[in-house]
Amino acid sequence: MRSVDVVIVGASLAAAAAAKRLVDAGLETVIVEKQLLPRHKICSGILSPRGHRFLLENFGALPRKVLHEPTACRGVTFHFPSMVSMSMDFFGGTTPHLHRKHADHWAIEQSGAEVMDDTSFLGQVQCDDHVVVSARKRGGETFELKARYLIGADGPVSPVLRSLYPDYHKQIPMFFVGQKFHEIIDCPLDEAYFHFWFHPDLGHYTWSHARDGRQIVGVGYKVGQKFHDRHLYVAKYFEEKHGVRLKPADDDHEGCSENFGPSLINRYVFGKGRVLITGQATGFLNMIGEGMSCALHSGAIAGESVVDAMLRNQPVQEIYRRNIASEVRRTTDQWNPLQIAFARPHEADFPKALAALPMADRIRVMRDIWSFLKLYKEFKWGRQIAGLSMQRLLRGDYSRKNWL
Amino acid sequence: MNVSVESTLPADPVAADALIGIPRQQTNASRWQGEQWADFVQALQQQDVEIRQQCADTGIYLTDAGGLAHGMPHGVVVAASAGQIAALMQAAQRFAVPVTVRGGGLTTEGESVAFGGVLLDMTGMSRVLHVDKSGLIVRTQAGIFWHHLAEVLRRDDLDYISAPLNLSSSVGGTLGVGGIDVNSARYGCSADQAVSLQVVTPTGEIVECSDRENSELFERIILGYGQFGIITEASLHIRPYTPLRMHYFYYASLQPCVEDLLMLDASHACDYTGILTMMDTAITLLVAFDSDQREAEFMATVKAQLRGYGEWGFGLRLAAGFIWRPWRWREALFLLRRKRELFPDLQPDMHMHDGKMYDRTVVFSRAVWKHWGDRHMVIPDLATNRDKFVEAVERGNAVCRKYFPCYTLYCVGIRLRDEHKAHYELSSIPPDAEGWAYGCEFEPMYNGVAYSRDYLQSFKNEIYDVGVELETSYYRFGGMMKGYIRRALGDAVVEKHLQLKQQADPAMVLNRDVIF
Ligand SMILES: Cc1cc2nc3c(=O)[nH]c(=O)nc-3n(C[C@H](O)[C@H](O)[C@H](O)COP(=O)(O)OP(=O)(O)OC[C@H]3O[C@@H](n4cnc5c(N)ncnc54)[C@H](O)[C@@H]3O)c2cc1C
Ligand SMILES: Cc1cc2nc3c(=O)[nH]c(=O)nc-3n(C[C@H](O)[C@H](O)[C@H](O)COP(=O)(O)OP(=O)(O)OC[C@H]3O[C@@H](n4cnc5c(N)ncnc54)[C@H](O)[C@@H]3O)c2cc1C
């Protein structure tokens, strides 16, 4: 059995960041990826400035091929049922519109880690001072790797997480998000912005933006409803209300499950023993579903914690949880109403954009947001969020009690 | 400030204004992957250069004092002689193996961390070679720690002129970055005391250089961040040893204290000056003198102009300010505790006689590590000319407040030597500074809270962003800071030095991730 220092599951951005720290520190690191690289990943690709900076600082200048057209995004535009729209620019300039297939692959290559692609993680067994990871190359035999640590950077339905907590995904709401691509006849939505709708009739998560000459129409809702019907409904709404005229969708539509929610209520999963969970698998997701910057940063923190644990001969979970607290604060703050009102936790200024609206519109927007939030009532997050906000105010931090 | 030159940076495909002002440059080095390592090691072994590759040998160099960058060398060479280092550099050029030089390893941005390749540990060369008592010049190997040098000089009642307040910083490492002491406002940076140096060039020649001999190399080596050669021996100006007469003045806000510091330095009335704060609430102006006469002159003439209070007066004033503000009592308690713990260590009995302090380096360095030191030494700074300094301090202070409940600022002046202008070209000394440059260091205190590297990096970025807006410079600008170098100094200067570097170090192997 081959013996390495660290195995990372998933050739994702979180993995690239973790691998960067580990490889720098001279640790033998192997990344196991289910798909053939470069692999496709469904994503809007709008990286926040913080994430952009992380890529630059760690992997260097972005090559052109890791970007879609338009290559840059200026900010976000919110649309409301009362037909008020508000645009917010990102702090610190425009941000990249990443082509995830190439961006993730580029970052992985820059990290210098060894990659086994087309190879699925199957399971793990923890022993005293190592983890035995089993995996299989497509069409090949199952094989085992002996590692000092295992990092699960394998996204929202994380098989590594499931190998630790088989029931976890049943306990949190899973959503479906899907997007279709349309040739444009006429689209008045400004292509420099990412557009998002706070509209309870349209769904839990509704968005649109331009990519490589086409317009994306995206919908998100609780698992169990029908993608094509929802999509049609939204496209019709865009046409009627915003004058967005599109040809019927092309065939290359796509969708996936998302574990939206843990960041709102501070219910992250960081792993057990020598197995760390990082990236979106832990539950990290910023406001409006931006998950790449926290994937990068949490991945780096996971890598840094493993280096630390080896250096100090201390339990890695303890170190990881201590180090990750700042990233938890940052992400959960984004959903904390007190922070939103007073502390600017986002990378664009919502309170300022709101204050710039006429008073009547401001009231409409607040009313619309409220009725949109009611869509999420069934998850009973309200009281938990209120509790967390008080916790943050009084202790300056979020509790670690509910972390797994 | 950006003069148009053919830049070696790629065009930004994202957008012209993406991350305003941040050059598209990787600042966390990428690891060298070990091409031709085996051949390189064999070539060295044939010349009897020992290279240690065991994990136990390489692991101790994993990080620097900053504790944020982690990188493992493939092998370690402990410096023994200029000849050995010359052989190392010749082989490194031939096989394109990166060499990272390390003295005390007190950098904070990973400059002395090796991301693969060879780590050259200079502490193996730490002997004092000759003390010229009448000419007041010492010749020493460059891996020696300042404190060790001081100990040797003290036998003859002599002392170095200026060095970082840190027991384990080395002569070579300091001459390469500058070196600031509380007497720098009077004597200049530590590098200014260098008379001549023995240097091993990146291609492995052993060269002696000074302002007269090989002066161009000398200019590049001094404040050159180890880019143009490895300092193996140094001749330094020294001086007779004197104990210190210390005085402290206390201020309740930053501006008057900083203004008083500028005024004091301009008056030449003090031998040592500096500011040390507890947040922006209790601000201490430290002044000290080499002789009773200087002290008496200061007391008679300049002291009355200072706006600071004595310890008791300030305590009462502070108490009066806090008593009506119960929401700030936690801060008040912190200040009290801090004062109780820190002050005795700044005047420890065994180093004080007749009100004079003996061995300020020991006193201050111990205090630094005991009261500020932590697993991560995060000490971003801003270096400005006199005019911008108050603003830089106040804006940096606001960033500290935003990120940490408790922190310290440390401010000092650096006397600029007209005749050394060429040394300062690619350095922390802001190009628009005349007479003095001023530095302020912003240092968070963690109080047991763990912060991730990324949180600390964001804090640093925000401090340095203030510097970009103020069009000024920084003291620490190697390693992870290198993205800022172009912003601070402009493409023209950086490109010029890059070309010089490419000539001097064709394979670009010496300290390769520090500046370029
Ligand atoms: C429609 C949509 C739009 C989005 N838009 C944005 C946006 O605009 N901006 C933004 O920042 N974020 C966006 N996100 C979120 C973002 O895509 C994710 O948060 C981010 O990609 C998470 O990265 P990660 O590194 O955690 O893992 P992922 O990128 O999810 O990668 C996980 C990897 O693990 C691999 N894997 C899974 N199972 C196995 C296995 N058994 N063995 C081996 N490998 C395995 C997968 O193949 C994959 O490569 C969007 C998400 C969706 C769905
Ligand atoms: C707690 C703390 C307090 C500090 N206080 C001060 C202070 O008061 N004043 C001040 O000026 N600085 C201070 N510093 C910064 C630090 O002391 C300086 O960076 C110091 O001069 C570095 O010396 P060093 O021997 O540790 O060099 P290193 O960190 O080992 O090296 C510094 C740089 O020089 C290169 N180098 C090292 N040796 C040689 C050589 N022989 N030839 C060529 N290049 C070489 C290295 O590659 C590296 O790029 C402080 C740092 C810390 C962590």
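Letters A, B, ... mirror the listed sequences (proteins, then strands); counts begin at 1.
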Residue selection (most heavy-atom pairs with chain B, distance under 4.5 Å) from Gly93(A), Ser326(A), Ala25(A):
Ala25(A)
So for Ala325(A), is it side chain, backbone, both, or neither that comes closer than 4.5 Å to the heavy atoms of chain B?
neither
Could you look at Leu62(A) and say if it's the side chain, the backbone, both or neither that has a heavy atom under 4.5 Å from chain B?
both
If you look at every heavy atom in His52(A) and Ala18(B), which pair is closest and at what distance?
CE1-CB, 3.7 Å
Which residue out of Asn461(B), Val113(B), Val449(B) racks up the most heavy-atom pairs below 4.5 Å with chain A?
Asn461(B)
Rounded to the nearest 0.5 Å, what separation is found between the CG atom of Asp24(A) and the OG1 atom of Thr63(B)?
11.0 Å
Return the option, out of Thr94(A), Ile319(A), Asn323(A), with the maximum number of heavy-atom pairs under 4.5 Å with chain B.
Thr94(A)
Side chain of Glu57(A), backbone of Gln26(B): donor and acceptor closer than 3.5 Å?
no
Using non-hydrogen atoms and a 4.5 Å limit, figure out which bit of Pro70(A) sits close to chain B: side chain, backbone, both or neither.
neither
Part of Phe91(A) lying under 4.5 Å from any heavy atom of chain B:
neither
Would you say Pro13(B) and Leu67(A) make side-chain contact, with heavy atoms under 4.5 Å?
yes
Under a 4.5 Å cut-off applied to non-hydrogen side-chain atoms, are Asn28(B) and Asn58(A) in contact?
yes
His70(B) side chain reached by Asp308(A) side chain, heavy atoms, under 4.5 Å:
yes
Above 12 or not: heavy atoms from other molecules or residues under 6.0 Å from CZ of Arg395(B)?
yes
Between Arg312(A) and chain B, with a heavy-atom cut-off of 4.5 Å, which part of the residue counts as in contact: side chain, backbone, both or neither?
side chain
Nearest heavy-atom contact between Ala72(A) and Val14(B) is CB-O, 3.2 Å
Val307(A), part contacting chain B, at a heavy-atom distance under 4.5 Å
side chain
From Gln110(A) atom CD to Arg31(B) atom CZ, the distance as rounded to the nearest 0.5 Å
15.5 Å
OG (Ser452(B)) and CZ (Arg329(A)) are apart, to the nearest 0.5 Å, by 8.0 Å
What's the shortest heavy-atom distance between Arg322(A) and Ala450(B), and which atoms?
CG-CB, 3.7 Å
Look up atom CG in Leu62(B) and atom CG in Leu311(A), then write down how far apart they are to the nearest 0.5 Å.
5.5 Å
Does the distance from a Lys or Arg side-chain N to an Asp or Glu carboxylate O, for Arg53(A) and Asp465(B), drop under 4.0 Å?
yes
Ranking Gly92(A), Ala61(A), Gly112(A) by heavy-atom pairs under 4.5 Å to chain B gives rank one to Gly92(A)
